[in-house]
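Below you'll find the structure, written out as structure tokens, and then a few comments.
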Amino acid sequence: MTIGQTLAVAAHLDGAYSSNLDVTGLAQKYGAVLSHVKVALDPKHLHATRIASGEANTLIGADLVVSSGNDVLGALTTNAGGVVNSILVPTSEFSRNPDWSIDKQELIQRIAKISSNKLLQIDATQIATRYCGDGIFANLLMLGLAWQRGEIPLSL
């Protein structure tokens with residue numbers, strides 16, 4: 001949600017408009033957290049706040065499990081780009097069933113298959129921890145990477 005609000009303010013500063021819809025499900029504890037962000041130069045181009053199937057041009061995926069889910073992948077255009085954090089964070093299922101496991105490579109392959117390999121997959125949490133002292137900075141690190149790659153239609 002921090003990324004979504006940062007993009008909304010950046011759009012405003014650029015003289016553009018944004019539509020933001022935050023869907024909160026208490027992160028991996030009991031559901032996904034998603035922000036649907038649309039940016040347009042004319043507010044008439046902002047109709048529905050929810051991003052429809054095949055409409056998202058950019059994914060900034062802070063969580064590998066959520067980013068590889070059907071809802072997220074289904075929203076991406078065929079040539080979508082962006083950045084996905086490749087760290088695997090245990091879900092609530094792990095706390096209920098310690099034998100539960102998830103295949104990280106399968107999740108990464110799901111994303112790569114949909115994105116035509118335009119999505120950069122990095123361990124943003126490790127990089128943020130190493131260079132900023134805390135993994136909390138991973139989200140803004142990924143936003144910066146997406147912007148540097150030309151995936152964010154806003155100025156610096």
Side-chain angles (χ1 to χ4, degrees), residues 1-11 18 20-39 49-156:
M1 293 183 343
T2 301
I3 293 171
Q5 293 307 306
T6 301
L7 289 170
V9 171
S18 74
N20 294 53
L21 171 66
D22 293 326
V23 180
T24 59
L26 300 176
Q28 285 303 316
K29 292 179 179 43
Y30 300 106
V33 174
L34 301 169
S35 291
H36 298 251
V37 180
K38 295 181 180 185
V39 175
T49 53
R50 186 174 179 86
I51 295 176
S53 294
E55 190 178 66
N57 297 316
T58 304
L59 170 63
I60 300 173
D63 182 284
L64 185 59
V65 175
V66 173
S67 298
S68 62
N70 291 336
D71 288 344
V72 172
L73 295 179
L76 298 176
T77 62
T78 55
N79 62 346
V83 182
V84 175
N85 193 351
S86 63
I87 190 170
L88 187 57
V89 178
T91 66
S92 63
E93 184 60 31
F94 180 74
S95 65
R96 291 188 291 254
N97 178 4
D99 295 327
W100 180 83
S101 67
I102 192 162
D103 186 347
K104 178 180 175 178
Q105 283 308 112
E106 181 181 325
L107 300 180
I108 290 172
Q109 288 172 356
R110 281 179 54 88
I111 294 168
K113 184 177 178 182
I114 296 295
S115 70
S116 301
N117 295 316
K118 279 191 69 183
L119 283 170
L120 176 64
Q121 298 169 32
I122 63 163
D123 188 338
T125 303
Q126 179 186 31
I127 295 169
T129 302
R130 183 175 197 175
Y131 294 104
C132 300
D134 196 317
I136 195 75
F137 296 105
N139 292 354
L140 288 179
L141 173 81
M142 290 187 306
L143 174 59
L145 283 170
W147 183 83
Q148 287 178 332
R149 293 175 50 131
E151 304 292 344
I152 309 294
L154 299 168
S155 71
L156 178 59

Enumerate, atom names and distances included, each donor-acceptor pair closer than 3.5 Å involving a side-chain atom of residues 68-75, sequence neighbours excluded.
from	atom 1	to	atom 2	distance (Å)
S68	OG	L64	O	3.0
S68	OG	V65	O	3.2
N70	OD1	R110	NH2	2.5

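Judged by distance alone, the side chain of T77 and the main-chain N or O of N57 form no donor-acceptor pair under 3.5 Å. Using modelled atom types, no side-chain atom of Q148 and backbone atom of L145 make a donor-acceptor pair closer than 3.5 Å. A distance-only check finds no donor-acceptor pair linking the side chain of T125 to the backbone of I87 [under 3.5 Å]. The main-chain N or O of N79 is found under 3.5 Å from a side-chain atom of K118 such that the two form a donor-acceptor pair.
Taking the side chain as every heavy atom from C-beta outward, I127 and R130 never approach each other to under 4.5 Å. Side-chain contact between L34 and D22: absent, with no pair of heavy atoms (C-beta onward) separated by less than 4.5 Å. For the pair V9/L7, no side-chain contact is recorded, criterion being any heavy-atom separation below 4.5 Å from C-beta on.
Put simply, CD on E55 and NE2 on H36 are 10.0 Å apart, with the number rounded to the nearest 0.5 Å. Here I136 contributes atom CD1 and T2 contributes atom OG1; the two are 7.5 Å apart, rounded to the nearest 0.5 Å. Remark: Q109 CD to K113 NZ distance equals 9.5 Å, nearest 0.5 Å.
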Decide yes or no on side chain to side chain contact (heavy atoms under 4.5 Å, CB included) for I122 and N85, but give the supporting numbers first. CA-CA 5 Å; I122 63 163; N85 193 351; 5.7 Å; no

Could you walk me through whether S86 and D123 pass the side chain to side chain donor-acceptor pair (under 3.5 Å) test, one step at a time? CA-CA 5 Å; S86 63; D123 188 338; 5.1 Å; no

Would Q121 and V83 count as a side chain to side chain contact (heavy atoms under 4.5 Å, CB included) here? Give the steps. CA-CA 6 Å; Q121 298 169 32; V83 182; over 6 Å; no

Apply the test side chain to side chain contact (heavy atoms under 4.5 Å, CB included) to residues I3 and S35: give CA-CA distance (whole Å), side-chain angles for both, the deciding distance (0.1 Å), then the verdict. CA-CA 8 Å; I3 293 171; S35 291; over 6 Å; no

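Heavy-atom minimum distance, A128 versus A138: CB-N, 3.5 Å. Of all the heavy atoms in G82 and T58, the pair that sits closest is CA-CG2, 4.1 Å.
No side-chain N or O of T49 forms a donor-acceptor pair with one of N20 less than 3.5 Å apart.
Counting only residues at least two apart or in different chains, side chain to side chain donor-acceptor pair (under 3.5 Å) contacts with residues 132-147 are absent.
Taking a 6.0 Å sphere around CG of L21, one finds it holds more than 12 heavy atoms contributed by other residues, nucleotides or ligands.
For the side chain to side chain contact (heavy atoms under 4.5 Å, CB included) criterion with L107, the lone passing option out of I102, V84, V66 is I102.
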